[in-house]
**Q** 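For reference, the structure I am asking about is given below.
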Amino acid sequence: MSLRGLRVLLVEDEIIVCMDLEDMLRDLGCVVVGPAARVHQALSIIDREPIDLAMLDINLGCETSYPLAERLAALGIPHFFSTGYSDIEPAFRDRPRLQKPFSEAQLSTLLTSLQGAVHSP
């Protein structure tokens, strides 16, 4: 299954990590939406941009991306956590995640598995 054209919201607050993830996503054929480094930025993007999937860093400085995960779930948009954070809130432990650091192949595998959950318009 091709990832070409898949619109992925990227939420990451570390600039170097963000740049690496953008490169990985683009190499896989995805369209990067955002990126956003804060919850309010991501919520604004969710309200105005079409998104197929979302990739969320949990720890965004002084806030977490859990409100984004809740909003995406309410909208039926598949999402996963991309995190170095090992302590995940119990309500979110069932969500897919990639533990940083991860490879492009691992990212591709997870995106492909989630792509099946993307709803066609």
Side-chain angles (χ1 to χ4, degrees):
M1 188 178 293
S2 172
L3 298 172
R4 185 145 314 279
L6 191 70
R7 296 181 55 82
V8 180
L9 170 62
L10 176 56
V11 180
E12 172 61 59
D13 66 331
E14 301 271 345
I15 188 72
I16 300 298
V17 173
C18 186
M19 290 168 47
D20 287 343
L21 294 175
E22 283 181 288
D23 288 345
M24 279 188 192
L25 289 167
R26 287 189 179 114
D27 288 348
L28 293 170
C30 299
V31 174
V32 177
V33 179
R38 297 285 174 252
V39 170
H40 74 277
Q41 293 170 324
L43 288 172
S44 177
I45 292 169
I46 291 167
D47 288 342
R48 70 177 197 277
E49 296 282 336
I51 299 165
D52 296 317
L53 288 166
M55 180 176 190
L56 310 174
D57 182 16
I58 292 176
N59 187 356
L60 301 173
C62 60
E63 58 187 349
T64 68
S65 64
Y66 296 135
L68 298 173
E70 289 173 339
R71 178 72 172 274
L72 292 163
L75 294 171
I77 298 172
H79 56 280
F80 67 97
F81 295 116
S82 158
T83 185
Y85 216 55
S86 59
D87 187 25
I88 296 178
E89 294 288 324
F92 299 95
R93 288 186 185 149
D94 65 336
R95 309 289 166 97
R97 73 174 168 229
L98 282 176
Q99 191 71 31
K100 292 177 188 173
F102 52 83
S103 69
E104 190 172 300
Q106 290 170 306
L107 177 59
S108 177
T109 298
L110 183 55
L111 288 172
T112 300
S113 72
L114 290 175
Q115 188 179 22
V118 174
H119 302 290
S120 300

**Q** Filter on side-chain hydrogen bond (donor to acceptor under 3.5 Å, both in side chains), then keep only pairs touching residues 12-36, sequence neighbours left out; what's left?
**A** Glu12-Lys100
**Q** State, with a plain yes or no, whether a side-chain heavy atom of Leu21 is found less than 4.5 Å away from one of Val32.
**A**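 Contact flag for Leu21/Val32 side chains = no.
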**Q** Taking all heavy atoms of Ile46 and all of Leu68, pick out the closest pair and write down the distance.
**A** CD1-CD2, 4.2 Å
**Q** Applying side chain to side chain donor-acceptor pair (under 3.5 Å), name anything that partners Gln106, two or more places apart in sequence or on another chain.
**A**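 Partners of Gln106 under the side chain to side chain donor-acceptor pair (under 3.5 Å) test: Ser103.
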**Q** My understanding is that only residues two or more places apart in sequence, or in another chain, count here; which of them pass salt bridge (Lys or Arg N to Asp or Glu O under 4.0 Å) with Arg71?
**A** Asp47
**Q** Of all residues at least two apart in sequence or in a different chain, which pass the salt bridge (Lys or Arg N to Asp or Glu O under 4.0 Å) check with Glu49?
**A** Arg7
**Q** Which heavy-atom pair separates Leu56 from Val11 by the least distance, and what is that distance?
**A** CD2-CG2, 3.6 Å
**Q** What heavy-atom pair brings Pro50 and Val33 nearest, and what distance separates the two atoms?
**A** O-CG2, 4.1 Å
**Q** Give the minimum heavy-atom separation between Glu63 and Arg38, together with the two atoms involved.
**A** OE2-CD, 3.0 Å
**Q** Report the residues that fulfil ring pair (Phe, Tyr, Trp, His ring centres under 6.0 Å) with Tyr66, sequence neighbours left out, ordered by chain and then residue number.
**A**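 Expected list: Phe81, Phe92.
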**Q** Should Val39 and Leu75 be counted in the same cluster of Ile, Leu, Val, Met, Phe, Trp and Tyr side chains packed under 4.5 Å apart?
**A**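 Yes, it is one cluster - the side chains of Val39 and Leu75 are joined through contacts under 4.5 Å.
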**Q** Apart from Val31 itself, what residues make up its hydrophobic cluster, given side-chain heavy atom links below 4.5 Å?
**A** none
**Q** Could you report the tightest heavy-atom contact between Ala73 and Arg95, atom names first, then the distance?
**A**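 Heavy atoms only, the tightest pair is CB-NH1, 4.2 Å.
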**Q** Any non-hydrogen side-chain atom of Ile58 less than 4.5 Å from a side-chain atom of Arg97?
**A** no
